[in-house]
Amino acid sequence: MNFCYASHKAVDEYKEAKALGVDTVPVLVGPVTYLLLSKPAKGVDKSFSLLSLLPKVLAVYKEVVDDLKAAGASWIQFDEPTLVTDLDSHQLQAFTAAYSDLASNLSGLNVLVETYFADIPAEAFKTLTALSGVTAFGFDLIRGTKTLDLIKGGFPSGKHLFAGVVDGRNIWANDLCCSLNTLNALEGIVGKDKLVVSTSCSLLHTAVDLVNETKLDNEIKSWLAFAAQKIVEVNALANAMCGKKDEAFFSSNASALASRKSSPRVTNEGVQKAAAALKGSDHRRATNVSTRLDAQQKKLNLPVLPTTTIGSFPQTVELRRVRREYKANKISEEEYVKSITEEIRKVVVLQEELDIDVMVHGEPERNDMVEYFGEQLSGFAFTVNGWVQSYGSRCVKPPIIYGDVSRPKPMTVFWSSTAQGMTKRPMKGMLTGPVTILNWSFVRNDQPRSETCYQIALAIKDEVEDLEKAAITVIQIDEAALREGLPLRKSEQAHYLDWAVHSFRITNVGVQDTTQIHTHMCYSNFNDIIHSIIDMDADVITIENSRSDEKLLSVFREGVKYGAGIGPGVYDIHSPRIPSTEEMAERINKMLAVLETHILWVNPDCGLKTRKYTEVKPALENMVAATKTRTVQVKQVSDLAGEREIHEFFSFSGEIEHIEIQRESGKLKTAFVTFKDPKALEIALLLSGATIVDQIVSITPVENYAPKCEMQEVRMVEHAVNIPPSENVPPNTEVENVGQTNGRMYISRAQDVVTSVLAKGSAIRQDAMNKAKAFDEKHQLTANASAKVISFDKKVGLTEKLTVGISVVNEKVKSVDQRLHVSDKTMAAVIAAERKLNSTGSAVKTSRYVTAGTSWLNGAFGKVAKAGQVAGTKTREKFHMAVSNLTAKEPPMVV
Ligand SMILES: Nc1nc2c(c(=O)[nH]1)N[C@@H](CNc1ccc(C(=O)N[C@@H](CCC(=O)N[C@@H](CCC(=O)N[C@@H](CCC(=O)O)C(=O)O)C(=O)O)C(=O)O)cc1)CN2
C-alpha cells in the first residue's frame with residue numbers, strides 16, 4: 001500500500017481564506033487517528049497491523065505540513081479523537097513515534113492536537129501532553145468532565161490549553177456563568193496567555209444559525225444556540241476572561257437559563273412519574289420468542305424465506321411537493337390525504353405484483369423517520385431550517401427535545417389502517433423506536449438521556465398498542481441508531497445498552513403473542529453488541545449486512561444462537577446498483593449455511609426512500625426471485641452414490657426434474673437436483689445433514705442454475721427407478737391449498753419425508769430431524785393433523801385422498817426397497833456413518849429433545865402402519881434400527 005499527496009484541499013483552502021484576509025487554522029485528521037479509524041481492505045489478513053503503515057502516511061503528512069508552512073500558516077491543528085478511546089500501550093506509542101517523526105517539519109509552527117467526544121484516559125493524557133513538536137492540546141470539557149481533574153493534576157508549562165466549554169454537538173445556549181468558572185480555574189493552572197476558549201468539537205454536528213428559525217417561539221429560541229450563536233458565546237467568554245465582560249449578554253443568558261429551568265412547558269409531572277416507575281424493574285413479554293413465533297405463524301401463515309422491505313419506498317419530487325404544499329397550507333387536508341392514499345395504493349399494488357409477503361405502506365407521509373414523530377409528540381420542537389449533514393449531500397433536521405415527552409394522539413394509526421385496508425397480506429405498522437428518536441434528535445441536557453429515552457418509550461408503547469387495537473398484526477419498531485449511541489469507552493457501554501434495550505422492550509411489552517414485533521437496525525457493525533440485540537427480544541429483526549461485507553454472519557458461524565426471525569439485508573440500498581437474482585441467492589445461501597431456514601427473512605438492507613422506482617422495481621423483483629429457487633446443491637456426495645441413489649433420496653421431497661452430478665478430481669462429488677416446483681425445496685433442505693449411502697451431505701439452495709444438457713440421461717434414471725409420474729408426488733400433496741389463503745404455502749409433511757428416508761435405511765442426522773420436526777410444528781401439521789383432516793374432510797372429502805397419500809409413500813418405500821434391495825453395502829455404510837456421529841454427538845443424542853423427536857417419528861410410523869399399508873417387515877426393521885441409531889448412547893450393533 002502506498003500513499004501519495006493526492007488532494008491539495010487543505011493548502012488551497014488556507015490560501016483562499018488568506019487571500020480574503022482571514023488567517024485560518026488548517027485542520028488535518030491526525031495521522032494515528034487516520035490509521036486507527038481505517039479498515040483493512042477486503043481479503044487482507046486479520047492480523048495486519050494498520051499502524052505498520054505509519055511511516056508511509058507520515059511521509060505525506062510532512063509534504064502537506066511543508067506546503068502549509070510555505071503558504072504562511074502559523075497554526076496547524078491535528079484532530080486525534082481516538083485518544084479518548086480505549087487504546088493499548090502499543091497504540092499510544094504510535095502517537096509518540098508519529099509526532100517525534102513530524103517534529104522537525106512542525107518546528108516554527110504552533111501545533112494543536114485536538115481530542116473530543118469523551119474524557120481522555122489518564123494514560124492517553126500523559127502520552128498526549130508529552131508529545132514532541134506539539135504546542136497546544138484541546139479537550140472536550142462537555143462530554144469529558146473528568147478531563148478537568150487530569151488537567152488540574154498537571155499540565156505542561158508553556159503549552160496552550162484549548163478548553164472546549166461550549167457544546168459543539170447540541171443546540172442549547174451555554175451556561176456562560178458556569179463556563180466562566182471553569183475557565184477561571186484553568187487559567188490558574190496554565191496561565192492567562194496560554195488559555196484558549198473553544199467549542200467542545202467542530203460545529204459540523206449542530207444546526208447553522210438561529211436567525212433562520214421563523215417558526216420557533218421566542219421563549220424556546222432564547223434557550224438555544226446554533227453554530228453562529230456558539231461562536232458569539234465563545235467570543236463573549238474570551239472577552240470576559242480579558243476583563244471585557246458583556247454584562248448585558250451574560251445577564252440575558254442567565255435569565256434564559258432560568259426561564260428554561262422553571263418553564264411549565266418543560267415539566268409534565270404525569271410523564272415524570274410514569275417514567276420513574278419504570279426504573280428498577282424489568283419489562284419483558286410474557287412468553288419466549290419461539291412460543292410467540294409459533295402463535296404468529298398460525299395467524300400469518302408465511303412461506304419459508306418470507307420477503308419484506310424495511311419501510312420507505314422512493315420519495316419522489318411529486319411526493320415532496322405534496323408534503324411541502326400541505327405544510328404551507330397551499331393544498332387542503334382532503335387533497336393531501338387523497339394524494340398520500342393514492343401513493344400508498346401504488347406501493348401496495350406494486351408489492352402484490354412483486355409477491356412480497358409482508359407489506360409496507362411506503363411511508364409517503366413522512367419527510368423523515370425521526371422528525372415525523374418529533375412533530376407529533378409533546379416536549380419536542382422542530383426547526384424549519386436546522387439542517388445538519390447526515391452523509392454526502394443528504395441532510396436531516398433533528399427535532400429538539402426540550403421537555404417531558406408525551407403523545408397527545410395516535411400518530412400512525414390512520415395511515416397504517418388505510419394501507420391494511422388495501423390488502424389481505426399483513427401490512428407492517430411502522431414506528432421509530434425510542435432509542436433512535438433519542439439519538440437522532442437534539443436532546444435536552446438537563447436530565448440523563450436515559451430518562452428522556454424512557455419517556456419516549458412510553459409514548460411509542462401507546463402507539464404500538466393503538467396499532468394492535470386497529471388490527472395491525474405486524475409492527476416494526478425501527479432502532480436504526482441503537483448502536484450509534486454506544487459510548488466510546490467500553491466501561492460505559494454496558495450501562496447504555498442496558499437502558500437502551502430496556503426502553504425498546506418497554507414499547508412492546510404489552511402486546512399479544514400473536515402480534516409480531518419487528519425491528520430494524522443499520523449503519524454499524526453489530527457483532528460486539530449481538531447479545532444486546534438478542535436481549536431486545538424482537539420477533540424479527542432486519543439488519544444491515546450487505547455493506548459490511550457480511551461480517552454479521554460470522555457471529556452465527558462462531559456459534560451465537562439466534563432463535564428469532566432475522567433478515568440480514570441481501571442488498572445495499574445506498575447504491576443505485578441493481579443486484580442480480582444470482583447475487584442475492586448467493587447471499588441467501590451464505591446465510592442458510594449459518595441460520596435455520598425457518599428463521600430467515602429476505603429483505604433489502606434499509607429503507608428505499610433514496611432510490612428511484614427504476615432501481616427499486618427490478619431489484620425487488622430479483623430479490624423475490626432469489627427466494628424461489630428450484631435447485632439444490634448437494635455437497636459431499638459419496639463415490640458410492642450415483643444418480644439412482646440421489647434420485648431415490650430426493651424423490652420424497654417432490655417431483656424431480658433434473659439431476660446433475662459434478663466431480664472435481666480428488667474431491668467428493670457435488671450434485672444439483674432441480675425440482676419441478678420451487679415449493680419442494682423446503683422439504684429437500686430439511687434433509688441437509690442426512691446420509692446418502694455413506695456420506696453426510698450438505699444441501700443448500702442454488703439460484704439461476706442452468707442445467708447442462710444431460711436430460712437424456714436423467715430420463716434414463718427416471719426410467720430405471722421406475723416411479724410413474726403420477727406416483728412421483730410428494731406425500732400428502734393432496735392437502736395443498738386446502739384451507740390456505742396463500743398459494744405459496746406448501747403442505748407436505750416433513751414427518752412423512754423423514755419417515756420415508758429412515759424407512760429406506762438411510763441415516764439422518766439429529767439436526768435434520770429436529771429441523772423437520774420444527775417445520776412440521778411451524779405448519780401445525782403433526783399436532784393438528786387429525787383435526788385438520790376432519791375439517792378438510794368435511795369440505796372436500798379428503799380422508800380417502802390422504803390415505804392414498806400415505807399409501808403412496810409406503811408403496812414407494814416398498815417398491816424402492818424391493819427393486820433396489822436397499823443393499824447390504826448401504827446398510828454397512830449407514831452404520832459406519834452412525835458410528836462417526838455417535839462418537840462426536842452422544843451428549844446431544846441423550847437430550848430430552850432427541851427423545852421427543854423419536855416419539856414424534858415413531859408416531860408417524862405408527863400412523864402409517866395403522867393405515868394398514870405397512871411396508872415389508874424388513875422396512876419396519878430398518879426403520880426401527882435407524883431410529884434407535886439416532887438415540888443410541890453406544891455405537892449401534894450391526895444386525
Ligand atoms: N433523522 C435521520 N437520521 C438519519 C437517517 C434518517 O433516515 N433520519 N438515516 C441515516 C442517513 N440517511 C438519510 C437518508 C436520506 C435522507 C434524505 O433524503 N434527506 C433529505 C431531506 C429530508 C427531508 O426532510 N425532506 C423534506 C423536505 C426538505 C425541504 O424542505 N426541501 C426544500 C428544498 C430542498 C430541496 O428539495 O432542494 C423544499 O422542498 O422546499 C421532505 O421530504 O418533505 C435530503 O437530504 O434531501 C437523509 C438521511 C442516518 N441518519
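Position 1 is the first residue of the sequence, and the numbers go up from there.
- In terms of modelled atom types and a separation under 3.5 Å, the side chain of T85 and the main chain of T82 share a donor-acceptor contact.
- Looking at residues two or more places apart in sequence or on another chain, you find a side-chain hydrogen bond (donor to acceptor under 3.5 Å, both in side chains) between E371 and N367, K397.
- Taking 4.5 Å as the limit, some side-chain heavy atom of V197 sits within range of a side-chain heavy atom of L183.
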Original post:
What do the steps show when you test D572 against H574 for side chain to side chain donor-acceptor pair (under 3.5 Å), and what is the final call?
Top reply: CA-CA 6 Å; D572 174 18; H574 293 87; 3.2 Å; yes

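- Comment: R577 engages E583 in a salt bridge, judged by a side-chain N to carboxylate O separation of less than 4.0 angstrom.
- Around the NZ atom of K159, the shell of radius 6.0 Å holds more than 12 heavy atoms that belong to other residues, nucleotides or ligands.
- A cation-pi arrangement is absent between R449 and Y496 under the rule of less than 6.0 angstrom and at most 45 degrees off the ring axis.
- To the nearest 0.5 Å, the span separating CG on N174 from CD on E233 amounts to 5.0 Å.
- Note on residues 7-34: pairs passing ring-ring contact (aromatic ring centres under 6.0 Å, His included), not counting sequence neighbours, are Y5-H8.
- Of the possible polar contacts, none joining the D79 side chain to the E114 backbone as a donor-acceptor pair under 3.5 Å is found.
- Results of the side-chain contact (heavy atoms from CB on, under 4.5 Å) test with L141 over V166, D119, L148 single out L148 as the only residue that passes.
- The nearest pair of heavy atoms linking P579 to N622 is O-ND2, 2.9 Å.
- Between H205 and F117, the distance from one ring center to the other falls under 6.0 angstrom.
- For residues 56-84, the ring-ring contact (aromatic ring centres under 6.0 Å, His included) pairs, not counting sequence neighbours, are W75-H160, W75-F162, F78-Y99.
- Aromatic ring centroids of F137 and F125 lie 6.0 Å or more apart.
- A salt bridge links K126 with E123: the distance from a Lys NZ or Arg NE/NH1/NH2 to an Asp or Glu carboxylate oxygen falls below 4.0 Å.
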